[in-house]
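Okay, structure first, notes after.
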Amino acid sequence: MITVGFVALLIATLAFWQHGMEATFRKRNENSQRVRRWKRNTILAVLGWLGYITLLSTSNILTDMESPLRIPVLILLPITGFLTYFFLSNKFKVFVMYFPKPMTVYGQTLRIAVELLIYGSYVQGVIPAHATFEGYNLSILIGITAPVVGCMAYISKTMSTQTLVGWNILGLGLLAVETFVFMTTLICPELCGLEHTFAPQFGTMPYLLLLSVFIPSAAFMHMVSIAQTLIPARRKIQRQYA
């Protein structure tokens, strides 16, 4: 049953970004040739990454919990490199300018499903309780508050820029804590008072989707929302004092 949940959330996550990019192209009035090229490259990149994760899963290279650094090196390092490259490129500036702003907030509701899957993995004995909302993982609070924040920021428009940025920073902070707990439990479980780390199944699909797709997706949404909020505010200040 939990595998079905992981697959359903993966489909929902991919559909979310696909819908957002379609809206981005419509707002930018991109020509059809460039759109087709971007879609092709994006599909190849997504399939390549999922294929890479699946290959790691089937090879069982990440199931050896006596060598815990393999997951950070083979999963988190490539993601960090890609996000750094993307945020420093001109493509990110275009993405921030045209991607629908409300989606970066409402999309955080997917974190409720992520945290429920983490808890379900704990019930199955794959993940320690420390990494769930019964332990130190409070990321589910961002998913619960996302609809309220979205309504206040983009419908009633009663939320200030500073509050929206603060909410996103809080979300990034909770993701950082979540990742830290995962990595600490993985590498040094004794620091958390545990005798054992994750079960070997954590290094296989579908559990690898947590660190390779779901958590990076949530972090990316927060970063985009912060950039979308701060850039117009900065331009407004520059116009006032020009």
Side-chain angles (χ1 to χ4, degrees), residues 1-18 41-86 110-137 139-140 175-220:
M1 181 61 70
I2 195 169
T3 299
V4 175
F6 271 100
V7 172
L9 183 57
L10 176 62
I11 293 173
T13 302
L14 295 178
F16 167 84
W17 288 113
Q18 190 273 338
N41 293 340
T42 301
I43 290 173
L44 290 176
V46 171
L47 291 178
W49 179 247
L50 292 178
Y52 170 71
I53 298 302
T54 303
L55 181 63
L56 290 177
S57 174
T58 55
S59 67
N60 292 322
I61 193 174
L62 302 179
T63 58
D64 182 8
M65 294 304 160
E66 298 299 323
S67 302
L69 290 177
R70 292 179 182 180
I71 290 180
V73 170
L74 296 177
I75 300 293
L76 297 182
L77 192 60
I79 291 174
T80 302
F82 169 76
L83 290 180
T84 301
Y85 162 77
F86 188 77
L110 293 173
R111 282 168 75 170
I112 298 175
V114 174
E115 300 309 319
L116 291 177
L117 287 175
I118 291 176
Y119 186 79
S121 302
Y122 154 66
V123 172
Q124 289 195 333
V126 177
I127 291 177
H130 284 64
T132 72
F133 48 72
E134 285 194 349
Y136 302 106
N137 184 358
S139 286
I140 195 171
L175 280 176
V177 171
E178 181 177 357
T179 304
F180 176 78
V181 171
F182 267 73
M183 291 300 100
T184 302
T185 307
L186 183 67
I187 299 172
C188 303
E190 60 274 7
L191 292 180
C192 297
L194 301 175
E195 295 181 1
H196 304 288
T197 183
F198 293 89
Q201 296 97 305
F202 184 71
T204 63
M205 293 286 273
Y207 304 102
L208 280 177
L209 292 174
L210 292 171
L211 291 177
S212 65
V213 176
F214 300 147
I215 292 178
S217 177
F220 187 68

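Sequence positions, counted from 1, serve as the residue numbers for this chain.
Here the closest heavy-atom approach between residue Ser212 and residue Leu209 is recorded as OG-CA, 3.4 Å. Contact detail for Phe133 and Glu115: the closest heavy-atom pair is CE2-O, 3.8 Å. When all heavy atoms of Pro72 and Leu186 are compared, the closest pair comes out as CD-CD2, 4.4 Å. For the residue pair Leu175 and Ser139, the shortest heavy atom distance occurs at N-OG, 4.0 Å. Considering all non-hydrogen atoms of both residues, Leu74 and Tyr52 come closest at O-OH, 2.8 Å. The shortest heavy-atom contact between Ile140 and Ile112 is CG1-CA, 4.2 Å.
Other residues, nucleotides and ligands contribute over 12 non-hydrogen atoms within 6.0 Å of the CZ atom of Phe86. In this structure, Tyr122 places its OH atom where only 12 or fewer heavy-atom neighbours from other residues, nucleotides or ligands lie under 6.0 Å away.
Partner of Val114 under the side chain to side chain contact (heavy atoms under 4.5 Å, CB included) criterion, chosen from Leu9, Val213, Asn137: Leu9.
Residues Trp17 and Phe220 meet the side-chain proximity criterion, which asks for heavy atoms closer than 4.5 Å. Side chains of Thr58 and Thr204 form no contact here, defined as non-hydrogen atoms less than 4.5 Å apart. By the 4.5 Å heavy-atom criterion applied to side chains, Thr54 and Met205 are counted as neighbours.
With values rounded to the nearest 0.5 angstrom, Ile127 atom CD1 is found 10.5 Å from Gln201 atom CD. Distance check, rounded to the nearest 0.5 Å: OG1 of Thr63 to CG of Leu208 gives 10.0 Å. Considering CD1 of Ile71 and CZ of Phe202, their distance stands at 5.5 Å, rounded to 0.5 Å. Taking CG from Leu211 and CG from Leu76, the interatomic distance works out to 5.5 Å, rounded to the nearest 0.5 Å. Annotation: the span from Leu55 atom CG to Ile61 atom CD1 amounts to 8.5 Å, rounded to 0.5 Å.
Every residue two or more places apart in sequence or in another chain that forms a side chain to side chain contact (heavy atoms under 4.5 Å, CB included) with Val46 is listed here: Leu14, Thr42, Leu50. Remark: Gln124 engages Ile2, Val126, Tyr207 in a side chain to side chain contact (heavy atoms under 4.5 Å, CB included) (not counting sequence neighbours). In this view, Tyr85 satisfies the side chain to side chain contact (heavy atoms under 4.5 Å, CB included) rule with no residue, not counting sequence neighbours.
Ring-centre distance between Trp49 and Phe82: not below the 6.0 Å cut-off.
Taking the six-membered ring where tryptophan is involved, the planes of Phe214 and Phe6 are essentially parallel, since the angle between them stays under 30° and well short of 60°.
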Take Ile118 and Glu178 through the test side chain to side chain contact (heavy atoms under 4.5 Å, CB included) and record every step on the way to the result.
-> CA-CA 11 Å; Ile118 291 176; Glu178 181 177 357; 3.3 Å; yes
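One N or O on the side chain of Thr132 and one on the backbone of Ala129 form a donor-acceptor pair closer than 3.5 Å.
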